[in-house]
Amino acid sequence: MSHPAHIHNNSVEEGGEIEFYLSAVNGRSPSGQTARKIGLPIEDLASFNGYVNVHQSPANLGVVAQGNIGANAEGTEGSGLDFVDDRRATTYPLEASATDGSVLSDGVSGTVRFEELTGYNGYVNIHEAVADNRRGFVFAQGNIGGNAGDGSSSGADVTTTVNNVGNSAWEVTGVSGASGVAGSGDNPSLTFETGKRYRIDNNGMRSAHPFAIETGTDGDYLLNQDGDGSLEGNSGISYEEDAEGITFTYTQTLADQASAYQCTFHTSMEGNVQTDGGGGGGGGGGGEY
């Protein structure tokens, strides 16, 4: 049984709208855990004015568990995680695998993303169900780590990682594959080179801060992580999107129209797009990644 889980604003007693969606709790698992990457520092989440609801099922949203968090409750502190300065992430393709099972018998293709697991000697299987008599039906699988080459299904030449600064701005937290791509500070200019393939990893999360490239300030979306963009069907651009970000080839067609990037929910989260170092500067300027 799948149990939807959310973080709401305010306290249990006051009630409030959903602020963050969590992964559903697996009712077959004794641990009953849920997790999802949230674009909020741990210190902000620890003081967040909110509460958690766990629901009976997607069809019946009766609350089966709830509790105050952050500013509304006293939590138990645990040991922190050891982060690295230059975090790596790799996305691998999952190939469809036909089965004799009753679910997705023709298989299904997809991707799997790992962070700091790039050298592991392994592969991933996705099974029909948790039940033992149905685990044997594998409808998607693929090699990872040391078995999968560079692991990139999108073939990006340059990967730029962005995050949100509250609801007010974007920041660039890392660039791999090229230099001079981003300025420093809030809403820095992004400089793309025609002919190269780019990946934008959106650590601000698609659900809270969808990333888009547009024609200008509050202009028309060309590429839109959480909606329609006018150039997403262009074969030369070969646009791809997922919950973690977008991937595209920066063609001359895109360069001729692109002048800004933006969060589609918050207009203040916007910076300039430049081609081959030309054009004006965006917010920040100065240092380069």
Side-chain angles (χ1 to χ4, degrees), residues 39 89 91 152 154-289:
T91 300
S152 175
S154 60
D157 300 307
V158 182
T159 298
T160 301
T161 303
V162 299
N163 208 337
N164 64 298
V165 182
N167 295 333
S168 63
W170 290 105
E171 63 176 347
V172 173
T173 59
V175 177
S176 63
S179 61
V181 176
S184 62
D186 291 349
N187 294 327
S189 291
L190 297 182
T191 301
F192 300 135
E193 181 180 339
T194 55
K196 283 191 175 180
R197 189 154 178 80
Y198 290 86
R199 166 78 182 176
I200 306 294
D201 270 340
N202 181 4
N203 283 350
M205 293 186 60
R206 173 180 186 164
S207 61
H209 304 287
F211 187 94
I213 293 178
E214 60 180 353
T215 56
T217 302
D218 298 326
D220 296 325
Y221 295 130
L222 304 172
L223 308 176
N224 185 351
Q225 187 184 10
D226 200 36
D228 295 326
S230 60
L231 292 182
E232 290 179 7
N234 185 288
S235 59
I237 294 171
S238 187
Y239 176 74
E240 300 176 21
E241 70 176 45
D242 53 54
E244 305 291 342
I246 66 173
T247 307
F248 57 92
T249 299
Y250 194 67
T251 64
Q252 190 61 54
T253 299
L254 181 55
D256 288 342
Q257 300 184 55
S259 61
Y261 65 95
Q262 186 182 59
C263 167
T264 63
F265 291 166
H266 307 103
T267 56
S268 62
M269 296 177 62
E270 183 178 59
N272 289 345
V273 167
Q274 302 177 158
T275 300
D276 296 335
E288 294 182 338
Y289 286 92

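- The closest side-chain heavy-atom distance from H209 to N167 is below 4.5 Å.
- The nearest pair of heavy atoms linking V158 to V181 is CG1-CG2, 4.1 Å.
- Partner of R206 under the side-chain hydrogen bond (donor to acceptor under 3.5 Å, both in side chains) criterion, chosen from E241, Q225, E244: E241.
- Here R197 pairs with E240 in a salt bridge; the nearest charged N to carboxylate O distance falls below 4.0 Å.
- Of all heavy-atom pairs spanning L254 and F248, the tightest one is CD2-CD1, 3.8 Å.
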(message) Checking Y239 against I246 for the side chain to side chain contact (heavy atoms under 4.5 Å, CB included) test, could you report, in this order, the C-alpha distance in whole Å, the side-chain angles of both residues, the deciding distance, and whether it holds?
(response) CA-CA 7 Å; Y239 176 74; I246 66 173; 3.3 Å; yes
(request) Would you please test L190 and I213 for side chain to side chain contact (heavy atoms under 4.5 Å, CB included) and show each step? (result) CA-CA 11 Å; L190 297 182; I213 293 178; over 6 Å; no
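- A donor-acceptor pair is defined here as one N or O able to donate and one able to accept, closer than 3.5 Å; no such pair exists between the side chain of S168 and the backbone of S268.
- A pairwise comparison of heavy atoms in E270 and A260 identifies OE2-CB, 4.1 Å as the closest pair.
- Using modelled atom types, no side-chain atom of D201 and backbone atom of T159 make a donor-acceptor pair closer than 3.5 Å.
- Across all their heavy atoms, N164 and G204 have their closest contact at OD1-CA, 3.4 Å.
- How far CG of L222 is from CG of D220: 7.5 Å, rounded to the nearest 0.5 Å.
- With sequence neighbours left out, the ring-ring contact (aromatic ring centres under 6.0 Å, His included) criterion links F211 to W170, Y261.
- Between F192 and Y198, the ring-plane angle classifies as tilted under the 30° and 60° cut-offs.
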(message) The test is side chain to side chain contact (heavy atoms under 4.5 Å, CB included); show your working for Y250 and T275 and say whether it passes.
(response) CA-CA 9 Å; Y250 194 67; T275 300; 2.7 Å; yes
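- Of the possible donor and acceptor atoms, none in the side chain of D157 sits under 3.5 Å from a partner among the backbone N and O of T249.
- Here the closest non-hydrogen pair linking T194 and Q252 is CG2-OE1, 3.7 Å.
- For the residue pair A169 and M269, the shortest heavy atom distance occurs at N-CG, 3.3 Å.
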(message) Test side chain to side chain contact (heavy atoms under 4.5 Å, CB included) on S259 and V273; report intermediate values, then the result.
(response) CA-CA 5 Å; S259 61; V273 167; 5.7 Å; no
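- The backbone N or O of N224 lies less than 3.5 Å from a partner atom in the side chain of E232, making a donor-acceptor pair.
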